[in-house]
Amino acid sequence: MHILLLEPDRIMSNVCAQFLTSQGFLTSQASSAQSAIHQMDNKKPDIVVVEMDLKDHNGVEFLYEMRSYREWFRVPVIIYSFVPPAEFREMNVLRDNLGVVGYLYKPVTSLHLLAKSIRHQFPVVKV
């Protein structure tokens with residue numbers, strides 16, 4: 001499974017990517033909305049993990065841009081952010097219009113819980 005991690009903080013991005021890779025995920029990193037879009041052009045991810053506090057765009061702007069492309073409309077998104085979920089009054093817009101399947105607040109969410117949330121979206125089927 002290919003995860004695109006959109007995280008502007010280089011240290012946090014590297015820590016998350018190393019952990020997710022150790023959990024068996026193929027992880028690509030982007031530090032800006034534009035680099036994330038460029039990477040998605042090259043290889044469509046199975047899921048996108050987004051920090052909402054970005055430098056050039058905010059996370060909502062990125063999500064609207066991402067959803068404007070038909071081929072990415074169904075790619076699930078997990079928000080993993082330092083921005084408290086209480087700042088989003090319209091959580092149903094994030095869920096219903098922008099494909100957000102989970103909102104994880106970094107100060108209280110471990111990387112193990114992030115990996116579990118990703119696996120919840122794509123359960124492993126044993127044969």
Do [X] and [Y] have side-chain heavy atoms sitting under 4.5 Å apart?
X	Y	value
L98	V77	no
N58	M52	no
V100	V50	no

Sequence neighbours left out, what pairs pass side chain to side chain donor-acceptor pair (under 3.5 Å) with at least one residue falling in [range]?
range	answer
residues 72-86	E51-S81
residues 11-37	H2-S28, S13-Q29, N14-Q29, Q23-R119, S32-S35
residues 61-71	none

Item to complete: Could you state whether L26 and I47 fall into the same hydrophobic cluster, counting links through intermediate Ile, Leu, Val, Met, Phe, Trp or Tyr residues with side-chain heavy atoms under 4.5 angstrom apart?
Response: no

Fill in: Transitive ILVMFWY side-chain link M12 to L20, under 4.5 Å
no

Fill in: ring pair (Phe, Tyr, Trp, His ring centres under 6.0 Å) pairs, two or more places apart, involving residues 27-51
none

Response to the item:
Apart from L113 itself, members of its ILVMFWY cluster (side-chain separation under 4.5 Å) are none

Discussion item. Could you list the cluster mates of F73? Members are the ILVMFWY residues connected by side-chain heavy atoms closer than 4.5 Å, either directly or through other members.
Written reply: none

Discussion item. List the residues meeting ring-ring contact (aromatic ring centres under 6.0 Å, His included) with F19, not counting sequence neighbours, and say none if there are none.
Written reply: H112

Fill in: Residues in ring-ring contact (aromatic ring centres under 6.0 Å, His included) contact with F25, at least two apart in sequence or another chain
none

Fill in: Sequence neighbours excluded, every pair satisfying salt bridge (charged side-chain N to carboxylate O under 4.0 Å, His left out) that has a member inside residues 4-23
E7-K106

Worksheet item: Could you give all pairs that pass the salt bridge (charged side-chain N to carboxylate O under 4.0 Å, His left out) test and reach residues 32-46, with sequence neighbours left out?
Response: none

Fill in: Considering all heavy atoms, the nearest A36-L4 contact
O-CD2, 3.7 Å

Worksheet item: Which atom names give the shortest non-hydrogen contact between Y105 and F82, and what distance separates them?
Response: CE1-O, 3.2 Å

[X] side, atom [atom1]; [Y] side, atom [atom2] - distance, nearest 0.5 Å:
X	Y	atom1	atom2	result
T109	I78	OG1	CD1	10.5 Å
L54	F62	CG	CZ	8.0 Å
L63	I79	CG	CD1	6.0 Å

